[in-house]
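For ligands, and for the atoms within them, numbers begin at 1 and follow the listed sequence. Values below: every heavy atom of this structure, side chains too, minus hydrogens, waters and symmetry copies. A quick note: this is a predicted structure, and the numbers were derived from the prediction, not measured.
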Amino acid sequence: MEVIIQPTREAAALLTAKVIADEVRKNPSAVLGLATGATVEPVYANLIEMHHKEGLDFSLCKSFNLDEYVGLSGDHPGSYRYFMNSHLFDHINIDKRNTRVPNGMASDLAAECLTYEEAIWHAGGIDLQLVGIGMDGHIGFNEPMSSLQSRTRVKQLNPVTIRQNAGYFGGADKMPRRAITMGVGTILDSQRCVLLATGSAKAEILAEAIEGPFCARVTASALQWHRRAVVIVDEACAANLKNREYYDWSFAHEPEWAPFRG
Ligand code: F6R
């Protein structure tokens, strides 16, 4: 796992977008794993700009989103399909038929989860997975004590997560209680994983996830086990990290990162 600390939230989001853009340029038919939420909004804004100004081409890409609320259709403004269309897909040249978000309205949710896993497999697996971290340390909606080998399935949301996302629904009482989420094991199967975390509110849980023990209580800690994970944070979110000197040294000297240094 590599850790890159950027001065601001904007710089962290821009670097994340550059990593995704680099993947798409090197592999035009890349299979992208995508996340939703406030943290990744500026990443998508940067990708849209790169598409318009630099011709970043998504026409051959496929995408799979991490999660979707159970009971919400894609035209519900709180749904993750709606989020993805409005924050990214409607503004780039990806073929929407190649974008998958779990179907939260499926009559047979277990079958939907199985089909989702199979679709990822048929696409050849995820080349680059973008994730955020929840206030409870989740990735996707893998709430505390999720199996670290889990696959796509339905999870009960943690009250911490319900409070975190209640604002999107005008109150916790209006929020769905369950979601379909890729499993931790599904995320670990990706070839590359980028975790973006910003803001002081996540400093404590972020430090637990990346410098604490590998444990199901904080499912983001599973990324310590990932073959090729990079964690991109801003200064505010890096506040509790202990190995800061090494992270900065490594980013400054690692040849792979040379094109990404400012
Ligand atoms: C969203 C997802 C979640 C979020 C996390 C952070 O698809 O899977 O794990 O990434 O809850 O959300 P924000 O960025 O809104 O703080």
Side-chain angles (χ1 to χ4, degrees), residues 9-10 12-13 16-17 20 32-46 63-70 72 74 76-89 99-104 113 116 120 126 128-144 146 150-169 172 175-176 178-188 190 193-206 208-210 218-223 226 229 231-234 236-237:
R9 173 178 186 261
E10 291 74 22
T16 304
I20 297 171
L32 301 173
L34 298 174
T36 57
T39 313
V40 295
E41 279 183 36
V43 176
Y44 296 150
N46 279 299
S63 73
F64 290 89
N65 262 79
L66 283 167
D67 37 27
E68 180 59 284
Y69 293 110
V70 169
L72 296 194
H76 189 292
S79 76
Y80 284 164
R81 164 53 75 181
Y82 190 95
F83 178 102
M84 289 310 300
N85 286 348
S86 55
H87 286 93
L88 186 65
F89 300 150
T99 67
R100 292 279 300 251
V101 180
N103 177 10
C113 294
Y116 204 70
I120 294 172
I126 290 170
L128 185 150
Q129 176 69 57
L130 174 64
V131 299
I133 182 171
M135 292 301 291
D136 63 357
H138 69 211
I139 44 174
F141 276 136
N142 293 288
E143 301 293 30
S146 289
S150 49
R151 313 303 308 186
T152 302
R153 70 220 183 285
V154 175
K155 281 299 288 182
Q156 282 291 336
L157 298 177
N158 187 346
V160 175
T161 302
I162 293 174
R163 286 195 289 276
Q164 178 192 307
N165 289 348
Y168 290 102
F169 294 88
M175 242 201 83
R178 296 190 304 158
I180 296 177
T181 180
M182 277 186 203
V184 179
T186 321
I187 295 169
L188 290 181
S190 58
C193 188
V194 183
L195 166 64
L196 174 65
T198 53
S200 56
K202 300 232 179 105
E204 198 176 321
I205 195 70
L206 189 272
E208 267 196 75
I210 68 176
V218 180
T219 58
S221 69
L223 296 184
H226 194 282
V231 178
I232 300 176
V233 294
D234 64 356
C237 196

Fit a plane to each ring of F141 and Y69, take the angle between them on a 0 to 90° scale, and name the class: parallel (under 30°), tilted (30 to 60°) or perpendicular (over 60°). tilted
Rounded at 0.5 Å granularity, tell me how far NZ in K202 sits from CD in E208. 14.5 Å
Is E41 in contact with ligand 1, taking contact as a heavy-atom separation below 4.0 Å? no
Donor-acceptor contact present, side-chain T219 to main-chain I139, <3.5 Å: yes
Heavy-atom pairs closer than 4.0 Å: do any link ligand 1 to the side chain of M135, the backbone, both, or neither? neither
Would you say that more than 12 heavy atoms from the other residues, nucleotides or ligands in this model lie under 6.0 Å from the OH of Y82, or not? no
Pick one of side chain, backbone, both or neither for how T36 approaches ligand 1, counting any non-hydrogen atom pair under 4.0 Å. both
Just to be sure I'm reading this right: ignoring hydrogens, which of G140, G134, G132 gets closest to atom 9 (O) of ligand 1? Compare them by their nearest heavy atoms. G140
Between T181 and H138, is any pair of side-chain heavy atoms under 4.5 Å apart? no
Protein contact to atom 5 (C) of ligand 1 [nearest heavy atom, distance to 0.1 Å]: H138 NE2, 3.5 Å
T39 contact mode with ligand 1 (heavy-atom cut-off under 4.0 Å): both
For ligand 1, note which part of I133 has a heavy atom under 4.0 Å away: side chain, backbone, both or neither. backbone
Students should be able to answer this: which protein heavy-atom is nearest to atom 12 (O) of ligand 1, and at what distance? Q164 NE2, 3.3 Å
Need the ligand 1 atom indices (1-based, order shown) with element for anything under 4.0 Å from a heavy-atom of G37. 14 (O), 15 (O)
Side chain E68, main chain I180, donor-acceptor under 3.5 Å: no
